[in-house]
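We number each residue from 1, following the sequence as shown. Computed from a prediction, not measured in an experiment: that's the story for all the values here.
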Amino acid sequence: AAGSRWFTPAELATMKALASVIIPSDSNGPGATEADLAGQLERFVADTPRRQELYRTGLAAFDGLAMQQHQQAFAALDMKKQTELFSMVDQARLVLDKEPVSIQDKVTRKLRVLYYFRWQGVNSAATEFCQYLVLDAKEKFYSSQVAWAWLGYEGPPFPLGYFSSVDKCAIPTV
């Protein structure tokens, strides 16, 4: 339902941390915190059943990775460690998504994923989630009023649609 709370408190904390890693707040402009990106994503996920399982397993995968690497939940880590973990997952995703140029290249990448990234704790739930999360986060951030104000965009010219005169198109009654 629109406006409902869908994430558990732990998932929401992880979501806020991930959103801040993807779109950080800094001296250049606003970020995820100012645009309430975690709240926007929560409403989006609550209204999009096909994303719910992806987000549920993805957030758990990031927390599991943080626990394995640092014995803390992802949200409890400092920004540097959060960024390092996110970068590692994103790197694994890039390795998996790249088209192989040869059989040797394909085998080398599979081994790298299986032995290095899996050993580090990166799993397919995290890599798949990472891909969609980045796209969803950018979409929600750049369609927010906060981003529009920062970019100097005044919004669509006719946010309520086009108005027309009913008189000009009146249908004669018989």
Side-chain angles (χ1 to χ4, degrees), residues 1-26 28-100 106 108-147:
S4 69
R5 295 317 244 180
W6 192 81
F7 294 137
T8 65
E11 288 171 337
L12 185 59
T14 303
M15 187 75 257
K16 284 180 179 179
L18 282 166
S20 292
V21 168
I22 296 168
I23 303 179
S25 303
D26 58 19
N28 295 323
T33 305
E34 291 82 4
D36 184 30
L37 188 54
Q40 288 187 58
L41 287 167
E42 180 175 39
R43 287 185 293 280
F44 169 69
V45 171
D47 293 338
T48 314
R50 60 187 169 77
R51 283 281 208 267
Q52 291 174 354
E53 186 61 25
L54 176 75
Y55 271 71
R56 180 89 54 211
T57 58
L59 290 168
F62 268 94
D63 266 338
L65 179 60
M67 289 303 278
Q68 181 178 336
Q69 295 277 324
H70 302 288
Q71 294 72 49
Q72 286 184 300
F74 188 84
L77 300 174
D78 62 46
M79 182 62 111
K80 183 176 184 274
K81 289 178 182 173
Q82 289 173 347
T83 304
E84 287 170 1
L85 289 179
F86 186 83
S87 295
M88 182 174 37
V89 171
D90 195 43
Q91 198 60 34
R93 182 188 61 80
L94 292 173
V95 168
L96 283 170
D97 288 351
K98 187 178 167 200
E99 277 297 315
K106 187 174 185 174
T108 303
R109 271 193 285 117
K110 285 282 187 196
L111 289 172
R112 184 173 172 205
V113 167
L114 284 174
Y115 292 103
Y116 176 71
F117 290 118
R118 294 284 188 262
W119 179 75
Q120 292 284 337
V122 177
N123 60 28
S124 60
T127 56
E128 187 180 355
F129 173 60
C130 182
Q131 175 182 357
Y132 287 99
L133 176 61
V134 170
L135 293 173
D136 293 344
K138 285 187 207 175
E139 180 184 311
K140 296 299 173 201
F141 177 75
Y142 286 107
S143 63
S144 73
Q145 295 291 330
V146 171

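No option in T83, D78, L85 other than D78 meets the side chain to side chain contact (heavy atoms under 4.5 Å, CB included) test with K81.
For the atom pair CD (E42) and NZ (K16), the distance works out to 9.0 Å, reported to the nearest 0.5 Å. Distance check, rounded to the nearest 0.5 Å: NZ of K140 to CG of L135 gives 12.0 Å. Between Q82 atom CD and L77 atom CG the span is 6.0 Å, to the nearest 0.5 Å. Between the CD atom of Q68 and the CG atom of D63 there is a distance of 13.0 Å, given to the nearest 0.5 Å. With rounding to the nearest 0.5 Å, the separation of CZ in R43 from CG in D36 is 5.5 Å. F7 contributes atom CZ, which lies 6.5 Å from atom CG of L41 (distance to the nearest 0.5 angstrom).
Annotation: side chain of T8 is not in contact with side chain of L59 (no heavy-atom distance under 4.5 Å). The side-chain heavy atoms of V21 and F62, taken from C-beta on, include no pair separated by under 4.5 Å. Residues D136 and R51 meet the side-chain proximity criterion, which asks for heavy atoms closer than 4.5 Å. In this structure, the side chains of F86 and V134 come closer than 4.5 Å at one or more pairs of heavy atoms. A 4.5 Å side-chain heavy-atom check between M88 and Q69 finds at least one atom pair inside the cut-off. Looking at E11 and Y55, their side chains never come closer than 4.5 Å, going by heavy atoms from C-beta outward. Annotation: side chain of M15 is not in contact with side chain of V45 (no heavy-atom distance under 4.5 Å). Here the side chains of R56 and W6 are in contact, with some heavy-atom distance below 4.5 Å.
S20 places no side-chain N or O within donor-acceptor distance of the main-chain N or O of A17, the cut-off being under 3.5 Å.
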